[in-house]
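Note that the structure is a prediction, hence the values are computed from the model and not measured. First listed ligand is number 1; within each ligand, the first listed atom is number 1.
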Amino acid sequence: MTRHFTRIRDLGQEGARQVLVRAKEMKDTAFRGDILAGKSIVMIFEKASTRTRLSFEVGINQLGGKSIFMTPAESQLGRSEPLRDTARVISRYNDGMVVRTFGQEKIDELVKYGSVPVINALTDQGHPCQIMSDILTMYERTPDFESLRVAWIGDGNNMANSWIEAAIYFPFELTVAVPEGYDPDMNLLVFAQSSGAKVRLVRDPEEAAKGAHYINTDVWASMGQEAEQARREVAFKGFCVDSALMALAAPNAKFMHCLPAHRGEEVSEEVFESDASIVFDQAENRLHMQKAIMEWAFSE
Ligand code: CP
Ligand code: NVA
């Protein structure tokens, strides 16, 4: 069976735990291996990337494989060759795809028409690799998630959606604070709640921050929403994670951000640069988590 990682749910309860523990082990042992020896992995990126691209390429290298980086500008994708044709061509030469794109349906199309595993490296709908990596960043500090409070303060975007999905498998309490009109995927939220996730939606950032052990945020305008920047700056007034908001959190609470960050918008310079900020540990953990995800998906 081909194992795709298009959303957190593809891992299932057991897979989610297994990948988390394996990523920690890979980090602790600075794992290098030949899991991908002789394999080629195509990386299709329709949006910009620093961390995701680098961590996948370095990870593929450390697992003995080869990566091939493709953008629409340098391939026939940019000249309207259908994705379903590209998927079939890629599958004739390669052993897997890592894809960053816009609509989630594009990932689904690659899965449908291709015959090699597909990993979602960010869509408008979700950022599952990042959230698994962020969960590793919490796990290495606070391995017992039962009594943990996680806050999401900001846009109900791809990151928020994947956090909500992760709450199905990991027993932390997740409070999502978003302004009206910027909700996450509400069908997903309802599904997560009915699947046992301890997740709730609030409008007040202070309510989410109170007693939180980890406070997460992200940019107010994601890639593809640049034209909405000014409107969003107005809508998200009061949602900046600053020292006043952090002061409401649990003692020793940590600040998390997937990066890149816009200081002075979703996070103050002071919080970003404070000892509470673990954003570069998050960035590092992308590498360890990508390796565990690739082992799960590509070495079957
Ligand atoms: N966090 C993240 O996905 O960063 P990049 O956009 O740089 O890959
Ligand atoms: N929500 C952001 C995440 C970037 C890593 C975006 O989609 O642009």
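- Ion pair E173/R200 not flagged as a salt bridge, since none of the NZ, NE, NH1 or NH2 atoms sits closer than 4.0 Å to an Asp/Glu carboxylate oxygen.
- At least one N/O-N/O distance between M223 and ligand 2 falls below 3.5 Å.
- Classification of the F69-F45 ring pair by plane angle, with boundaries at 30° and 60°, yields tilted.
- Among the atoms of R53, none of the N or O lies under 3.5 angstrom from an N or O of ligand 1.
- Between K106 and E109 there is no salt bridge, since no side-chain N of the basic residue sits under 4.0 Å from a carboxylate O of the acidic one.
- Which parts of ligand 1 touch R286 is read off a 4.0 Å heavy-atom cut-off, strictly below it: atoms 1 (N), 2 (C), 3 (O).
- Nearest non-hydrogen protein atom to atom 4 (C) of ligand 2 is L122 CD1, 3.9 Å.
- Where the criterion is an N or O separation shorter than 3.5 Å, residue side chain and backbone included, C258 meets it with respect to ligand 1.
- Interface atoms of ligand 2 facing L259, defined by a heavy-atom separation under 4.0 Å, are 5 (C).
- The protein atom (non-hydrogen) at minimum distance from atom 7 (O) of ligand 2 is N158 ND2, 2.8 Å.
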- Task: Test side-chain hydrogen bond (donor to acceptor under 3.5 Å, both in side chains) on N61 and E57 and set out the steps.
- Result: CA-CA 6 Å; N61 193 32; E57 292 213 32; over 6 Å; no
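- Close contacts of ligand 1 with Q130, meaning ligand atoms under 4.0 Å from a residue heavy atom, involve 1 (N), 2 (C), 3 (O).
- Here's the thing with D218: one of its N/O atoms is less than 3.5 angstrom from an N/O atom of ligand 2.
- Proximity of K47 to ligand 1 is not established, as no heavy-atom distance is less than 4.0 Å.
- Considering backbone and side-chain N/O atoms, K47 never comes within less than 3.5 Å of an N/O atom of ligand 2.
- Atoms of ligand 2 found under 4.0 Å from any heavy atom of N157, numbered from 1 in the order shown, are 1 (N).
- Of the polar atoms of L259, at least one N or O is found under 3.5 Å from an N or O of ligand 1, judged by distance alone.
- In terms of heavy-atom proximity, V199 sits nearest to A192 at CG1-CB, 4.3 Å.
- Aromatic pair F170/Y139: ring centres not closer than 6.0 Å.
- Ion pairing between D34 and K39 fails under the 4.0 Å rule for side-chain N and carboxylate O.
- Using cut-offs of 30° and 60° for the angle between ring planes, the F236 and W220 rings count as parallel.
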